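Okay, structure first, notes after.
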Amino acid sequence: MVHNQAVKGRKFLLFSLGAIALVWSVTGYALLGEPLPEVLPSLNPGGERSVALPVFFAGLFSILALAAIVLVRRALRQAEAQLDLHRQLVAHTSEPIMITDATQRILAVNGAFELATGYSAAELIGQTPSLLNSGRHSPAFFQAMKQSLLGSGAWEGEIWNRAKNGEISPRQLRIKALGDIRRPSHYVALFTDTRAQKAQEARIEYLAHHDPLTGLPNRVALGSHFDAALDSARRQGSRLGVVVIDLDNFKTVNDSLGHHAGDLLLCEIARRLQHILVDGEHLIRLGGDEFVLLVENIHQVEAVIVRVQAIMRTISAVCEVDGHQLHTSPSIGISFFPEDGECPETLMRNADTAMYYAKSNGRNNYQFFAAPMNVAATKRLHLESELWQALSDNQLLLHYQPQIELPSGRIVGVEALVRWQHPQRGMISPVDFIPVAEETGLILPLGHWVLLTACRQARAWLDQGVDLGEIAVNISAQQFKQPEFAKSVHSVLVETGLPAERLELEITESTVMNGADSSVSTLLELKAMGVKLAIDDFGTGYSSLSYLRRFPLDRLKIDRTFVADLESDADAASLVGSIIALGRSLGLRLVAEGVENSAQVDSLRSMDCERVQGFHFCRPVPAEDVVAACENLRQTVKSA
Ligand code: C2E
Ligand code: MG
Ligand code: MG
């Protein structure tokens with residue numbers, strides 16, 4: 001547009017000068033008295049020479065010519081100003097711009113271009129854009145660019161340029177041909193810096209595929225890791241191991257120390273695991289306390305066992321979190337491609353199944369997926385949903401097993417043991433459903449129901465004048481760790497009217513020792529209420545003697561596995577002897593569970609164990625049979 005106006009202005013100027021020249025020549029002629037040419041007879045009809053007429057014309061044309069000159073100058077000034085504006089626009093545009101001629105010689109660049117490339121305009125002008133070639137693009141790339149310019153007069157795409165300092169970076173480039181497309185006069189190239197946008201895209205991509213807490217790849221990233229690992233396993237004919245890792249008791253950390261501590265623990269575990277990763281292993285956080293490790297290139301299963309054992313050691317090492325020494329352990333499930341599944345979904349499901357199996361096997365262990373395990377896991381899942389129903393449909397009940405004093409034979413206590421009367425499957429043992437209840441959190445309502453029912457029953461016996469000593473109730477780890485646990489026991493005692501000293505709580509050794517400091521305060525609270533406290537299954541966990549001294553306990557319950565081996569195994573006998581001696585030294589009473597024959601009774605009596613419980617005396621029986629069973633027992637003991 002600027003160009004056109006300038007051209008128009010120039011033409012108008014020439015025309016005006018022509019007109020002035022004509023006017024002056026006519027005027028000159030008239031003044032000199034020469035006849036007008038015959039072509040202009042209308043201007044001089046009389047054929048007479050006249051001075052007035054040429055002078056009039058000369059004046060008129062002069063005015064017109066002057067007006068034309070003024071107009072032309074104004075147009076030229078405007079065009080010049082507009083041209084300057086456009087120049088400034090290009091010069092101050094933040095995007096680099098380059099103008100070349102038809103042979104690609106650089107004619108002009110703006111300041112942004114100089115800044116982006118590090119070259120000055122003087123260095124660039126006269127060169128071709130190949131000065132900026134990064135070497136990243138093939139000849140075919142430039143060929144395609146040329147074709148596009150020839151075809152449509154334009155090209156757009158990403159190009160890597162090399163700056164003067166050698167640094168190469170990507171830019172979005174738009175080239176436009178000016179003039180006739182087939183024979184363009186110039187090319188204008190506009191560069192856009194896409195690095196910030198690319199960095200932003202990369203950040204979004206990273207966030208979508210990584211877990212913000214641990215920085216590990218997340219569940220979304222699992223798919224691509226799986227695809228690549230399966231591809232390579234298929235190509236190489238090797239196995240792929242899928243190792244699902246779940247932390248045991250992580251919920252307890254969150255519940256007791258807060259989510260911040262839980263987060264720190266997860267970060268620490270993730271950091272440790274990352275540290276031991278080797279080539280061909282990919283660690284992903286699935287969410288919560290669940291991780292998955294893909295192990296490529298497995299030729300022998302033993303290799304995976306070695307890795308899994310390393311993981312177990314790493315996770316089980318004490319973690320110092322917020323000033324607390326945390327002990328955690330993993331339950332691990334393993335599946336293999338191709339044996340246990342061909343696709344990620346099946347492999348993950350089967351590794352998960354194996355992991356649940358590890359959990360139900362007492363946690364802190366690993367299991368491989370195998371068909372029988374799958375069946376067991378399905379059964380377990382079924383059990384879980386049915387257990388909710390059981391609680392609301394009153395399918396749970398309590399059986400009671402008497403405890404006998406030695407040597408008197410008096411009944412001095414009864415232990416309440418929960419049973420599940422399943423409508424189709426009959427009586428289900430607590431060994432099968434208590435772990436499921438613990439994992440699903442159902443243990444809390446279930447445990448409360450047991451405590452309430454047992455206390456009510458004990459009160460009812462007292463009201464009937466039947467003295468069966470203490471009622472012992474089993475308390476699960478989760479129940480015991482509830483901050484309000486002691487208060488809930490108190491309210492049950494108030495509600496049922498059972499004197500506190502008639503209630504004995506059985507807590508397993510591992511429960512009290514795990515988080516021993518907070519155990520001490522809960523136990524003290526219970527003790528202050530007058531409730532009796534026994535350590536169940538004593539000898540199966542790792543007790544710290546210093547804690548045993550600090551716990552306000554009443555009784556140790558010797559685990560039945562030691563009692564079972566009393567006669568056959570000298571080690572078991574000496575172990576029972578040591579437990580009894582330890583109990584005495586701590587001022588505790590003792591009870592041996594699982595007593596099945598008179599030989600065991602004799603051994604225990606000789607070791608001064610004052611209380612026993614077992615099938616030898618009485619099996620656990622329903623509440624309505626307890627009084628008769630105890631009467632029976634009294635008779636037997638008397639006559640023995
Ligand atoms: P536990 O507290 O050690 O209970 C003793 C278990 O030994 C009972 O099994 C009892 O029936 C069994 N037993 C008693 N005498 C003998 C014997 O002479 N020989 C053998 N082999 N076993 C004997 P049960 O009722 O199957 O309970 C198993 C476990 O389930 C209990 O072990 C306890 O840990 C848990 N449990 C039972 N009821 C409850 C409950 O109400 N709450 C909680 N949290 N756990 C419970
Ligand atoms: Mg018990
Ligand atoms: Mg026990």
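Numbering of ligands and ligand atoms starts at 1, following listing order. Predicted model, so just to flag it, every value in this text is computed and none were measured.
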Decide if atom CZ of R584 counts as having more than 12 heavy atoms of other residues, nucleotides or ligands within a radius under 6.0 Å.
->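 Yes, enclosed.
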
Using a cut-off of 6.0 Å, state whether more than 12 heavy atoms not belonging to R425 lie near its atom CZ.
->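 For R425, atom CZ is crowded (more than 12 foreign heavy atoms under 6.0 Å).
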
To the nearest 0.5 Å, tell me how far [X] [atom1] sits from [Y] [atom2].
X	Y	atom1	atom2	value
E438	S360	CD	OG	12.0 Å
L553	Y547	CG	OH	13.5 Å
L293	E281	CG	CD	5.0 Å
D289	K251	CG	NZ	11.0 Å

Which atoms of ligand 1 are found less than 4.0 Å from any heavy atom of [X]?
X	value
Q401	14 (C), 15 (N)
V595	18 (O)
D537	3 (O)
G614	15 (N), 18 (O)
E596	17 (C), 18 (O), 19 (N), 20 (C), 21 (N)
E593	3 (O), 5 (C)

D559 near the Mg ion (ligand 3): N/O/S under 2.8 Å |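 No N, O or S atom of D559 is closer than 2.8 Å to the Mg ion (ligand 3), so no.
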
Specify whether an N/O/S atom of E593 falls short of 2.8 Å from the Mg ion (ligand 3).
->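 Yes - counting backbone and side chain alike, E593 has an N, O or S atom under 2.8 Å.
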
Any ion pair linking K532 and D554 (charged N to carboxylate O, less than 4.0 Å)?
->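 No.
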
Is it true that E506 and R555 have a side-chain N and a carboxylate O under 4.0 angstrom from each other?
->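 No salt bridge links E506 with R555.
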
Please work out, at 4.0 Å between heavy atoms, whether the side chain, the backbone, both, or neither of [X] comes within that distance of ligand 1.
X	result
R560	side chain
H616	neither
D536	side chain
P620	side chain
K557	neither
N474	both
Q613	neither

Less than 3.5 Å between some nitrogen or oxygen of V450 and one of ligand 1, yes or no?
->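 Min N/O separation from ligand 1 is not below 3.5 Å for V450.
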
Can you find an N or O of E415 that's nearer than 3.5 Å to an N or O of ligand 1?
->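 There is such a contact, yes.
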
From CA spacing to verdict: salt bridge (charged side-chain N to carboxylate O under 4.0 Å, His left out), R349, E345 = CA-CA 6 Å; R349 195 177 52 242; E345 293 73 29; over 6 Å; no

Within less than 4.0 angstrom of ligand 1, does R619 place any heavy atom?
->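 No; R619 lies far enough from ligand 1 that no heavy-atom distance drops under 4.0 Å.
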
Out of curiosity, is G447 lining ligand 1, as in a heavy atom under 4.0 Å away?
->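 Flag not set, G447 not near ligand 1.
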
Rounded to 10 degrees, what angle sits at the Mg ion (ligand 2) between N474 OD1 and E506 OE1?
->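 Centred on the Mg ion (ligand 2), the OD1/OE1 angle is 90° (to 10°).
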
In D536, which N, O or S atom comes closest to the Mg ion (ligand 3)?
->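 That would be atom OD1.
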
Name of the D537 atom (N/O/S only) found closest to the Mg ion (ligand 3) =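 Closest to the Mg ion (ligand 3) among those atoms: OD1.
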
Give me the nearest non-hydrogen protein atom to [atom] as residue plus atom name, then the distance to 0.1 Å.
atom	value
atom 40 (C) of ligand 1	V418 CG1, 3.7 Å
atom 18 (O) of ligand 1	F615 N, 2.8 Å
atom 35 (C) of ligand 1	P430 CB, 4.3 Å
atom 28 (C) of ligand 1	V431 CG2, 3.8 Å
atom 31 (C) of ligand 1	L417 CD2, 4.3 Å

Among the N/O/S atoms of E415, select the one at the shortest distance from the Mg ion (ligand 2) and name it.
->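 Per the distance ranking, E415 contributes OE2 as its closest N/O/S atom to the Mg ion (ligand 2).
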
Can a protein heavy atom be found under 4.0 Å away from atom 9 (O) of ligand 1?
->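 Protein heavy atom within 4.0 Å of atom 9 (O) of ligand 1: absent.
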
Can you find a protein heavy atom under 4.0 Å from atom 13 (N) of ligand 1?
->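 Protein heavy atom within 4.0 Å of atom 13 (N) of ligand 1: present.
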
